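One is the number of the first residue; the rest follow in order along the sequence. Source: prediction; values computed, not measured. As the structure lists them, so they are numbered: ligands from 1, and atoms in each ligand from 1.
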Amino acid sequence: MKIIVKDGQQDFDHAAAMEIVQLINKKPNAVIGLATGHTPKGMYKVLGEMCKNNEVDFSNVITFNLDEYLGIKSDHPGSCKSYLQERFYDLVNLKQQNIYHLNSQPEDYEEECHRYNRLIQQIGGIDLLILGIGHNGHLGFNEPNTSFKTEVHVCQLTDRTRTANIWSFGCKEDVPTEGITMGIKNIMGCKKLMLLANGEAKADIVKRALKGVVTEELPASVLQLHNDVVIILDKEANELV
Ligand code: F6R
């Protein structure tokens, strides 16, 4: 596990962006998994700027979004798709046909899970998955006590997660109660993982996840079992080194 600690938002965002740029330089058709949330916003912005300046080329890159809310339209302003559309897809030269998304309104939930699992497998797996961490240690929408054996699945969002995401819906009542997410097995199947965390409020959970006991009660602790993980923190989130 490689741990990088940066001082300040700009350096943090840049370090995260550079992991992606380096991968694409080595493998122009890399498959990248995308998280949403507050933490990677700056990284996406840096990637947009670098793409505009021809410093990185996404034209052969393939992306899979990590998770999505259920029961809202895909173009709802709070959806993960809208977030990525506005903050990433619109800023880079990804090809539309290379962008894969979980459907927020599938007719058949189970079939949607199978479809996404199949797609990930058919494409040959994910080279790099970007992850944030919830205050309760969730990864994607894998809340505490999710089995490490899960693949793409439908999940109930905890009260804490819904509260943390009011910012993208306006009020708690509007935050969906269910999501669909890559499971821990999908996450662990990715060739490389990059976990981003910033701010003092994340320091304790990051430490417990990465230095504590590996347990399904704290989903992010599973990262200790992956052989290629880079953790990018800012000074405030770092109690590790
Ligand atoms: C979002 C996601 C979540 C977030 C996590 C941290 O796609 O998968 O697991 O990464 O909730 O969110 P922020 O960055 O808002 O603290």
Please report whether the ring centroid of [Y] lies less than 6.0 Å from that of [X].
X      : Y      : value
His101 : Tyr89  : yes
Phe64  : Tyr116 : yes
Phe58  : Phe88  : yes

Value rounded to 0.5 Å, distance of CE in Met194 from CG in Leu196: 4.5 Å
By ring-ring contact (aromatic ring centres under 6.0 Å, His included) - contacts of Tyr69 (at least two apart): Phe141, Phe169
Shell of residues surrounding ligand 1, defined by a 4.0 angstrom heavy-atom cut-off that is strict: Ala35, Thr36, Gly37, His38, Thr39, Leu66, Asp67, Gly132, Ile133, Gly134, His138, Gly140, Lys202
Neighbour count above 12 (heavy atom, 6.0 Å) for Lys207 NZ: no
